[in-house]
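In this text the structure is predicted, and so the values were computed from the model without any measurement. A, B, ... follow the sequence lines: proteins, then strands. Residue 1 opens every chain.
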Number of protein chains: 2
Amino acid sequence: MAQRSAVTRRAPLSRDRVLRAAVTRADAAGIGSINMRGLAQELGVVPMALYKHVAGKDELLDGMVDLVIGEFEPPAAGPDWKSEVRRRVLSARRAVLRHPWARLAIESRTRRTPAVLGYMDSLAGAFLAGGFSAHLTHHVMHALGNRIWGFTPELFDAPPDADAPAPDPEARAAMAREFAERYPHILQIATAATDGDLSRVGDGCDEQFEFEFALDLLLDGFDRLRVAGWTPGSARSTGSA
Amino acid sequence: MAQRSAVTRRAPLSRDRVLRAAVTRADAAGIGSINMRGLAQELGVVPMALYKHVAGKDELLDGMVDLVIGEFEPPAAGPDWKSEVRRRVLSARRAVLRHPWARLAIESRTRRTPAVLGYMDSLAGAFLAGGFSAHLTHHVMHALGNRIWGFTPELFDAPPDADAPAPDPEARAAMAREFAERYPHILQIATAATDGDLSRVGDGCDEQFEFEFALDLLLDGFDRLRVAGWTPGSARSTGSA
DNA sequence: ACCTGAACACCGTTCAAGT
DNA sequence: ACCTGAACACCGTTCAAGT
């Protein structure tokens with residue numbers, strides 16, 4: 001076809017160009033929009049051409065996550081271990097918030113790429129440099145879990161299904177009444193979280209606050225164990241249970 | 001066809017029978033084996049027949065998770081809030097360990113079914129009954145996050161890809177040398193976790209220990225905030241940062 | 001009124017046939 | 001030697017045609 005002349009021909013494909021196009025696409029249309037055919041079309045090539053640069057869809061997703069990790073602030077010799085860990089985790093959080101699809105991608109990926117290992121290694125290094133034993137560092141990394149990527153699961157913040165276009169005040173009130181009866185405790189804490197403005201229930205709470213609340217709670221707990229000289233022989237965590 | 005006579009005809013389909021068949025299938029062959037066509041074939045019906053009992057694949061997955069939640073131990077008036085929360089979370093953990101696919105299914109589902117809300121409500125109730133304010137209960141539930149379901153992400157415990165059938169001792173040693181150079185801190189904590197037996201690296205550590213370690217660390221932290229009379233106006237968590 | 005076969009609109013990936 | 005069209009083996013879901 002004369003359709004694609006020399007002048008309209010895109011720059012030659014490369015692994016990096018494929019990955020960046022995938023990230024841009026996922027940013028705009030969600031992780032569900034990532035498929036080899038659509039991505040190829042966007043790049044003006046035939047689907048098979050992508051397989052020259054990524055082994056398959058799995059490796060494509062791994063590579064996309066690696067690009068996000070590349071946006072994390074690099075490690076630094078912080079004044080103390082706690083502010084260094086905190087800074088890096090919150091930096092990871094900012095990157096993940098810029099790419100909302102990354103959350104699910106990180107959770108579902110199992111491959112430990114060099115970028116993933118490099119980030120985990122530098123974080124472990126911050127604990128070790130701060131005086132944590134290798135054993136304790138291992139445990140606290142596990143305790144942080146996916147929080148090292150700067151996100152926490154949504155739990156009850158999922159937006160309410162937008163499948164009921166008609167509010168229908170009466171049915172709404174009946175549903176609210178039934179909810180209050182069946183889930184009184186959830187209602188109670190949701191009321192507190194929204195300062196009594198129940199119409200805001202479902203808008204989600206201040207996720208940034210919740211993330212830092214839990215992160216600081218964990219880091220403070222880690223510090224207590226470090227100071228107490230926790231060893232594998234001691235009780236599981238603080239031993240106060 | 002005379003293939004399916006009256007005598008071989010299966011019991012009439014029901015939502016419960018569909019969901020139980022799906023759970024059994026997923027237990028045996030993983031979540032990837034769940035598809036409408038295969039499930040229908042297993043039940044001896046045409047795929048479309050399933051749509052009479054579940055709205056679609058999404059609702060099927062929601063229903064499967066609900067069955068797992070149904071295996072959780074029911075709430076009880078525990079001696080104190082901490083042992084009650086601990087008991088219920090570890091009960092959830094046992095159920096999720098019995099159904100390994102449930103972990104990913106819970107993470108990827110966003111729908112809050114009555115079973116999900118009921119479990120979260122009873123857990124919130126345990127905190128409230130233990131003297132936590134509604135505000136603090138909200139925060140500690142978020143801090144637990146997906147840990148309320150009894151699991152924690154794998155982080156670095158993913159089994160090494162079984163794509164290298166030939167160990168090839170020399171290449172293995174070279175890889176180990178490169179790993180030690182690039183990820184010295186990971187090597188250090190992995191060595192500690194396996195008591196120096198590096199051949200066991202990748203076998204995964206004692207996940208049960210790690211789960212309880214983090215759970216107790218969190219619960220102890222929660223208790224400290226409760227005793228200190230934490231209010232929304234106070235510092236984020238312990239305020240010691 | 002009920003059930004269902006065939007079809008629709010997709011997937012990821014393979015591979016032999018083209019240049 | 002390189003590229004790619006067509007095909008393979010799947011999906012979830014729809015819908016009109018059967019009884």
Side-chain angles (χ1 to χ4, degrees), chain A residues 1-6 8-15 17-19 21-23 25-26 28-65 101 104-105 108-111 161-163, chain B residues 1-6 8-15 17-19 21-23 25-26 28-65 101 104-105 108-111 161-163:
Chain A
M1 296 295 173
Q3 192 103 333
R4 185 140 36 84
S5 68
T8 64
R9 166 164 263 130
R10 309 295 310 265
L13 229 48
S14 71
R15 182 182 164 87
R17 236 168 66 76
V18 170
L19 294 180
V23 166
R25 189 183 174 89
I31 193 71
S33 73
I34 297 302
N35 57 72
M36 303 301 276
R37 295 167 123 97
L39 189 60
Q41 190 179 349
E42 192 165 298
L43 287 162
V45 297
V46 80
M48 220 290 295
L50 299 179
Y51 287 82
K52 290 271 131 124
H53 302 98
V54 290
K57 194 183 180 182
D58 282 352
E59 201 191 281
L60 174 71
L61 290 170
D62 285 335
M64 291 170 64
V65 169
W101 50 268
L104 197 66
S108 61
R109 298 286 72 213
T110 59
R111 181 88 211 297
D161 297 4
D163 56 359
Chain B
M1 297 293 174
Q3 191 104 333
R4 184 141 37 85
S5 70
T8 65
R9 166 164 262 130
R10 308 295 310 263
L13 230 49
S14 71
R15 182 181 164 87
R17 237 168 65 77
V18 170
L19 294 180
V23 166
R25 190 182 173 89
I31 194 69
S33 73
I34 297 303
N35 56 71
M36 304 300 275
R37 294 168 123 98
L39 188 60
Q41 190 179 348
E42 191 165 296
L43 287 162
V45 298
V46 80
M48 218 291 294
L50 300 180
Y51 288 82
K52 290 270 131 124
H53 302 98
V54 290
K57 196 184 181 183
D58 282 353
E59 200 191 282
L60 174 71
L61 290 170
D62 284 335
M64 291 170 64
V65 170
W101 50 268
L104 198 65
S108 60
R109 298 285 73 214
T110 59
R111 180 90 210 297
D161 297 6
D163 55 0

What's the [atom1]-[atom2] distance between [X] and [N], to the nearest Å?
X	N	atom1	atom2	value
B/N35	C/dC11	CG	C1'	13 Å
B/I34	D/dT13	CD1	P	14 Å
B/M36	D/dC10	CE	C1'	16 Å
B/L43	C/dC3	CG	P	16 Å
B/L13	C/dC3	CG	P	11 Å
A/K52	C/dT13	NZ	C1'	14 Å

(request) Strictly below 4.0 Å, heavy-atom distances to any atom of DNA chain C: list the hits from residues 53-64 of chain B, or just say none. (result)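 Under 4.0 Å from DNA chain C: no residue of residues 53-64 of chain B.
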
(message) Between A/K52 and A/L13, does the side chain to side chain contact (heavy atoms under 4.5 Å, CB included) criterion hold? Intermediate values first, please.
(response) CA-CA 9 Å; A/K52 290 271 131 124; A/L13 229 48; over 6 Å; no

(message) Does a side-chain N or O of A/Y51 approach OP1 or OP2 of C/dT14 to a distance below 4.0 Å, or not?
(response)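 Looking at the OP1 and OP2 atoms of C/dT14, neither is under 4.0 Å from any side-chain N or O of A/Y51.
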
Taking all heavy atoms of [X] and all of [Y], pick out the closest pair and write down the distance.
X	Y	value
A/D62	A/R109	OD1-CD, 2.9 Å
B/M64	B/A26	CE-CB, 3.7 Å
A/S108	B/L104	CA-CD1, 4.3 Å

(message) Show me, range against range, the stems involving DNA chain C, built from at least 3 consecutive Watson-Crick or G-U pairs below 3.5 Å.
(response)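 As far as DNA chain C goes, consecutive pairing (with distances under 3.5 Å) yields the stems C:4-8 with D:12-16, C:12-16 with D:4-8.
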
(request) Give a yes or no answer on whether the side chain of A/R25 reaches the backbone of A/S33 with a donor-acceptor pair at less than 3.5 Å. (result)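 Yes.
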
(request) Find the distance between CD (A/E59) and CG (A/L50) and round it off to the nearest 0.5 Å. (result)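 So the CD of A/E59 and the CG of A/L50 are separated by 12.0 Å.
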
(request) Apply the test side chain to side chain contact (heavy atoms under 4.5 Å, CB included) to residues B/L61 and B/I31: give CA-CA distance (whole Å), side-chain angles for both, the deciding distance (0.1 Å), then the verdict. (result) CA-CA 9 Å; B/L61 290 170; B/I31 194 69; 3.7 Å; yes

(request) Mind running side chain to side chain contact (heavy atoms under 4.5 Å, CB included) on B/R111 and B/V65 for me, showing each step along the way? (result) CA-CA 11 Å; B/R111 180 90 210 297; B/V65 170; over 6 Å; no

(message) Between A/L60 and A/L39, is there a side-chain heavy-atom distance shorter than 4.5 Å?
(response)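 Side chain of A/L39 against side chain of A/L60, heavy atoms only: contact under 4.5 Å found.
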
(message) Nearest heavy atom decides the nucleotide; on that basis, is A/R37 or A/M48 closer to the 5' end of DNA chain D?
(response)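 With A/R37 and A/M48 compared, the 5'-side residue is A/M48.
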
(request) Pick the P atom in C/dC8 and in D/dG18, then give their distance to the nearest Å. (result)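 Comparing P positions in C/dC8 and D/dG18 gives a spacing of 15 Å.
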
(request) Using the C1' atoms only, state how far D/dA7 lies from C/dC11, rounded to an integer number of Å. (result)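 Those two atoms are separated by 14 Å.
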
